[in-house]
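Naming convention: chains lettered A, B, ... in sequence-line order (proteins, then strands); numbering from 1 in each chain. Here the structure is a predicted model, which means the values were calculated and not measured.
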Amino acid sequence: MMANSMDTVNSNQPTQNGSKLQPCHNESKTNLIVNYLPQTMTQEEIRSLFSSVGEVESCKLIRDKVTVFPDHILNGQSLGYAFVNYHKAEDAEKAVNTLNGLRLQNKIIKVSYARPSSDAIKGANLYVSGLPKHMTQQELEKLFCPYGSIISSRILHENVNVGHLMQAGLEDQGGLQGPSRGVAFIRYDQRCEAEAAIRELNGTVPPGGTGPMTVKCANNPSNQNKALAPLAAYLAPASARRFIGPAGKALLAINKGLQRYSPLADPLIQGNALGGSGWCIFVYNIGADTEESILWQLFGPFGAVQSVKIIRDPATNKCKGYGFVTMTNYDEAVVAIQSLNGYSLNGQVLQVSFKTNKSKS
DNA sequence: CGACGGGACGC
DNA sequence: CGACGGGACGC
């Protein structure tokens, strides 16, 4: 089956692009990249696994970095991949042969040679928006493959409201994703390939599309944008605390004595661009003079709120009676909805539910 | 008495 | 189905 076109180019291949000199000590034959690791697997567990094949020189699990404040950087979640460098090339080869495709928990890991690190492979990840909603991953790759070797591609999808399934832990069984958001990532082998794709494709109308798409460099995944969103969750009352992991506890420790902090007043939260990855809640029957801060006050106590939006009449700037709140975590969103639906605000009874797709897309 | 933006950066 | 790095050569 060709379902998995995710890894279009296998990075095991001897670098066809490199008649260039390799780094002095020939790391390209000993250094491996391991993808699709289970979320919970630690660096030590990975090292242990790969040590079963041969002596490991180094092992590095890549983790998200969470910036709490400019002077507090914490290791966050595993990004699901790691680098394992062996002392001996033969051990690396054996690891590829014996560990690639190994099933660990619910994942099939991929073990392949790491491309030599260089500036040429940095910045090769593209963010694409404005794609037709019906475009498939195959069509997407066909559109982008003329400009270089595609390492991976991914179309982002809407969340789909199937809470009972998610709670049963079945979300990994596949098939539950919602419609395309018209947004995708394309990773090329080389930065220059990505740059060529931007030059050639940005602003053009994709096949089957009705308007121009945007093709640009993707943001660096581990940067400060994420910083304050987790903070809102960790400072929230008990409802959210149950879900805190080790990183959250560290955050809590750091934030002791910061009672003063209020997400309501924080422009980085109010104006954030995190929207789209969380659970969007429709809030109806709010008064004409309702402001964003009211929604923050209402929803903040239930957990991590990513964004808040009051819909206004552009002419009068008066609220049209509804707004949207995006929360990060499904469980917290459910509790917020259950708690706030029917709540009386300034004499009006709120109707609160997950957002539906009634818009004129 | 009316009823689901706009822009989107992956867990 | 799934995001291809890495602060540090320093007392």
Side-chain angles (χ1 to χ4, degrees), chain A residues 3-7 9-11 31-39 58-65 73 76-85 106-110 112-118 121-131 137 151-158 171-177 180-189 214 216-223 225-226 272-278 280-286 288 306-312 314 320-326 328-329 348 351-361:
Chain A
N4 191 356
S5 56
M6 201 61 68
D7 292 311
V9 170
N10 196 336
S11 44
N31 196 28
L32 304 179
I33 181 168
V34 186
N35 286 289
Y36 314 134
L37 290 161
Q39 189 59 236
S58 64
C59 173
K60 178 71 178 179
L61 172 63
I62 307 305
R63 294 179 171 277
D64 199 359
K65 287 195 192 68
I73 298 179
Q77 286 192 315
S78 164
L79 290 180
Y81 64 96
F83 293 87
V84 176
N85 194 27
N106 56 338
K107 301 284 190 181
I108 306 289
I109 68 169
K110 177 188 175 191
S112 57
Y113 288 102
R115 295 172 295 162
S117 178
S118 77
I121 68 173
K122 290 178 53 186
N125 198 22
L126 294 182
Y127 175 82
V128 185
S129 61
L131 294 168
Q137 188 182 15
I151 297 288
S152 62
S153 70
R154 179 152 149 79
I155 294 175
L156 271 48
H157 296 263
E158 306 282 356
E171 70 272 24
D172 277 349
Q173 304 300 312
L176 293 183
Q177 67 191 5
S180 165
R181 289 165 54 191
V183 168
F185 291 94
I186 304 276
R187 179 178 297 281
Y188 282 105
D189 181 54
T214 298
K216 56 193 220 182
C217 285
N219 289 341
N220 197 315
S222 46
N223 65 19
N225 290 358
K226 293 179 167 182
N272 76 52
L274 287 171
S277 60
C280 190
I281 297 168
F282 176 60
V283 187
Y284 182 70
N285 207 26
I286 52 182
Q306 293 183 355
S307 65
V308 146
K309 175 78 173 177
I310 299 283
I311 305 306
R312 295 184 165 88
K320 292 167 78 169
Y322 62 94
F324 299 94
V325 174
T326 300
T328 301
N329 302 306
Q348 296 184 231
Q351 296 179 38
V352 183
S353 62
F354 281 115
K355 177 190 182 316
T356 62
N357 285 331
K358 289 185 183 167
S359 67
K360 43 277 166 179
S361 116

Whole Å only: how far is the [atom1] atom of [X] from the [atom2] atom of [N]?
{"X": "Asn219(A)", "N": "dA8(B)", "atom1": "CG", "atom2": "C1'", "result": "11 Å"}
{"X": "Gln39(A)", "N": "dC11(B)", "atom1": "CD", "atom2": "P", "result": "11 Å"}
{"X": "Phe185(A)", "N": "dG10(B)", "atom1": "CZ", "atom2": "C1'", "result": "5 Å"}
{"X": "Tyr36(A)", "N": "dG10(B)", "atom1": "OH", "atom2": "P", "result": "17 Å"}
{"X": "Lys122(A)", "N": "dG6(C)", "atom1": "NZ", "atom2": "C1'", "result": "10 Å"}
{"X": "Ile155(A)", "N": "dG10(B)", "atom1": "CD1", "atom2": "C1'", "result": "13 Å"}
{"X": "Ile186(A)", "N": "dC9(B)", "atom1": "CD1", "atom2": "C1'", "result": "14 Å"}
{"X": "Leu131(A)", "N": "dG7(B)", "atom1": "CG", "atom2": "P", "result": "17 Å"}

(message) Go nucleotide by nucleotide along DNA chain C from the 5' end; which of Lys60(A) and Ile109(A) gets its closest nucleotide reached first?
(response)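 Between the two, 5'-proximity favours Ile109(A).
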(request) Assign each of Ser58(A) and Ile108(A) to its nearest nucleotide of DNA chain C by heavy atoms, then name whichever residue's nucleotide is nearer the 5' end. (result) Ile108(A)
(message) Does dC4(C) have its OP1 or OP2 closer than 4.0 Å to a side-chain nitrogen or oxygen of Arg187(A)?
(response)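 Result: yes.
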(message) With a cut-off of less than 4.0 Å, is there a side-chain N or O of Ser152(A) near OP1 or OP2 of dC4(C)?
(response)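 True: Ser152(A) side-chain N/O within range (under 4.0 Å) of dC4(C) OP1/OP2.
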(message) Regarding Asn85(A), tell me which of base, sugar-phosphate or nothing describes its non-hydrogen contacts under 4.0 Å with the strands shown.
(response)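 Counting heavy atoms under 4.0 Å across all strands, no contact is made by Asn85(A).
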(request) For Leu37(A), report the nucleic acid contact type (base, sugar-phosphate, nothing); a contact means any heavy atom under 4.0 Å. (result)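 The answer is nothing, as Leu37(A) stays clear of every strand by at least 4.0 Å.
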Show each protein N/O and nucleotides 1-3 of chain B N/O combination with a separation under 3.5 Å, one pair to a line.
residue, atom, partner, partner atom, Å
dG2(B), N9, Tyr284(A), OH, 3.3
dA3(B), N1, Gln351(A), OE1, 2.4

(message) Looking at every non-hydrogen atom in both residues, tell me the closest pair between Val325(A) and Val308(A) and how far apart they are.
(response)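 Residues Val325(A) and Val308(A), closest heavy atoms: CG2-CG2, 3.9 Å.
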(request) Could you pull out the closest heavy-atom pair between Val84(A) and Val34(A), with the gap in Å? (result)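 For Val84(A) versus Val34(A), the nearest heavy atoms are CG2-CG2, 4.1 Å.
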(message) Among residues at least two apart in sequence or on other chains, which ones pass side-chain contact (heavy atoms from CB on, under 4.5 Å) with Ser58(A)?
(response)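 Only Asn85(A) meet the side-chain contact (heavy atoms from CB on, under 4.5 Å) criterion with Ser58(A).
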Where the side chain of [X] is defined as all heavy atoms beyond and including C-beta, which of [options] is the nearest nucleotide?
{"X": "Ile151(A)", "options": "dC4(C), dC9(B), dC4(B)", "value": "dC4(C)"}
{"X": "Asn31(A)", "options": "dC11(B), dG5(C), dG10(B)", "value": "dG5(C)"}
{"X": "Arg115(A)", "options": "dG5(C), dC4(C), dC9(B)", "value": "dC4(C)"}
{"X": "Ile33(A)", "options": "dC11(B), dC9(B), dC4(C)", "value": "dC4(C)"}
{"X": "Arg181(A)", "options": "dC4(C), dC11(B), dC9(B)", "value": "dC9(B)"}
{"X": "Tyr127(A)", "options": "dC4(B), dG10(B), dA8(B)", "value": "dA8(B)"}

[X] side, atom [atom1]; [Y] side, atom [atom2] - distance, nearest 0.5 Å:
{"X": "Ser117(A)", "Y": "Lys122(A)", "atom1": "OG", "atom2": "NZ", "result": "7.5 Å"}
{"X": "Leu79(A)", "Y": "Leu61(A)", "atom1": "CG", "atom2": "CG", "result": "8.0 Å"}
{"X": "Leu126(A)", "Y": "Lys216(A)", "atom1": "CG", "atom2": "NZ", "result": "11.5 Å"}

(message) Please check: side-chain N/O of Gln137(A) versus main-chain N/O of Ser153(A), any donor-acceptor pairing under 3.5 Å?
(response) yes
(request) Verify whether one side chain among Asn285(A) and Gln351(A) offers a donor that lies under 3.5 Å from an acceptor in the other. (result) no
(request) For dG10(B) and dC4(C), measure between their P atoms and round to the nearest Å. (result) 13 Å
(message) By a 5.5 angstrom centroid cut-off and a 30 degree plane limit, is there stacking between Tyr81(A) and dG5(C)?
(response) no
(request) Assign dG10(B) to syn or anti; the rule is syn for a glycosidic angle within 90° of 0 and anti otherwise. (result)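 Anti conformation for dG10(B).
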